[in-house]
Amino acid sequence: MTSDETDLPAHNPRMHQGGKLSFRGRVQEGDDQPGDRLVLGGKNPPSLRELTPPGFADVEIEIGPGKGAFVLAATAAKPDVFLLGIEAAPAYATMAATRLHESGRGNGLFLVDNGKLFLADRVEAGELAAVHVYFPDPWPKRRHAGRRFFTPDVVPVLARALRDDGWLYFASDNAAYSGQVARVMGSAADFARDEAEEARVRALGPGHAFSPTNFERKYIEEGRVIRRFAFRRLPR
């Protein structure tokens, strides 16, 4: 499935042009068969409403799903919820979409696009039940700091896209970036951190929030500290 632009986003103004993503390098494999579970957004991607099949009251987005472990688990754990994974790297999106296609589940999809821009210009106000952001690239070099997902300008984007009492779920092993997220979201008037929700969704098991992701598995094995936050969108 494609939009009106089928080229991969090498010259797409919606995508960063600063070289390959540091955590997203992968050589395309010839046996990937994503079927209809992949959309190449191009320069004019379809809206969330166009991508969501009828019959789903709850729609959630994962920004940067990588190989798709969370979306795969979530589509199994929450069959009544539609999950859209927005991935900047076409090769990873293709791999993830292939796995979803092989599962036979129709309540998920992967889109190649810029996640922040998609939330800003392709999602209607209050359309989302949740946004998931797990182990985002911290872009540690100062000149790349503007490429982080969690910059102050993301707060109004999230506040508009999430419905009242919707959720932003975040996880990272990076202490500095987690601290930035805590500051940015913690000082936002439209959001409140909810530690009870963090415990609740972890107890529900894989596919509800935070888990699983490939980075999580790797970092747990390495003994790294993982920070997990849930921020509730306060009623308007």
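Each residue takes its place number in the sequence, starting with 1.
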Could you tell me if the side chain of [Y] sits less than 4.5 Å from the side chain of [X], heavy atoms only?
X	Y	value
T151	V184	no
L72	R105	yes
V112	Y92	no
L119	L128	yes
L84	V59	no
F82	L109	yes
R202	R228	yes
H132	F210	no

With the 4.5 Å side-chain cut-off for hydrophobic clustering, are V155 and L234 part of the same group?
->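 No.
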Which heavy atom in [X] sits nearest to a heavy atom in [Y], and how many Å separate them?
X	Y	value
A129	E60	CB-CG, 4.3 Å
G126	R163	O-CB, 3.3 Å
P136	Y177	CG-CE2, 3.4 Å
A230	E197	CB-CG, 3.9 Å
P212	P206	CD-CB, 3.8 Å
L51	P46	CD2-CG, 3.5 Å

How far apart are the C-alpha atoms of E50 and R122, what are their side-chain angles, what is the distance that settles it, and do they pass the side chain to side chain contact (heavy atoms under 4.5 Å, CB included) test?
-> CA-CA 9 Å; E50 293 174 285; R122 295 297 189 273; over 6 Å; no
Tell me, with the steps shown, if F110 and V39 meet side chain to side chain contact (heavy atoms under 4.5 Å, CB included).
-> CA-CA 6 Å; F110 290 92; V39 175; over 6 Å; no
Less than 4.0 Å between a side-chain N and a carboxylate O, is that true for [Y] and [X]?
X	Y	value
R233	D165	no
R160	E124	no
R193	E198	yes
D153	K116	yes
E102	R99	no

Out of V133, L162, L83, V123, which residue meets the side-chain contact (heavy atoms from CB on, under 4.5 Å) rule with I61?
->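 Exactly one candidate clears the test, V123.
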Under the 3.5 angstrom rule, does the side chain of S103 hit a backbone N or O of L100 as a donor-acceptor pair?
->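 Flag set: sc S103 to bb L100 pair under 3.5 Å.
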Check: N107 side chain, V81 main-chain N or O, donor-acceptor pair, under 3.5 Å |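 Side chain of N107 to backbone of V81: a pair is present.
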Mind checking the [atom1]-[atom2] spacing from [X] to [Y]? Nearest 0.5 Å is all I need.
X	Y	atom1	atom2	result
T94	Q33	OG1	CD	10.5 Å
S211	I220	OG	CD1	6.5 Å
I86	L48	CD1	CG	8.0 Å
E87	M95	CD	CE	11.0 Å
L158	W167	CG	CH2	14.0 Å
L40	L111	CG	CG	8.5 Å

Heavy atoms from other residues, nucleotides or ligands near CZ of R224 exceed 12 (cutoff 6.0 Å) =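 Count over threshold, so yes.
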Evaluate ring-ring contact (aromatic ring centres under 6.0 Å, His included) for F215 paired with Y134, printing each intermediate quantity in order.
-> CA-CA 9 Å; F215 283 123; Y134 303 136; over 10 Å; no
For F170, the option from F231, F191, F229 that meets ring pair (Phe, Tyr, Trp, His ring centres under 6.0 Å) =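 Considering F231, F191, F229, a ring pair (Phe, Tyr, Trp, His ring centres under 6.0 Å) with F170 is found only for F229.
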Begin with the C-alpha distance, continue with both residues' side-chain angles, and end with the deciding distance and a verdict on side chain to side chain contact (heavy atoms under 4.5 Å, CB included) for F56 and D80.
-> CA-CA 6 Å; F56 290 99; D80 296 331; 5.6 Å; no
Decide yes or no on side chain to side chain contact (heavy atoms under 4.5 Å, CB included) for I226 and F135, but give the supporting numbers first.
-> CA-CA 9 Å; I226 297 175; F135 304 95; 3.9 Å; yes
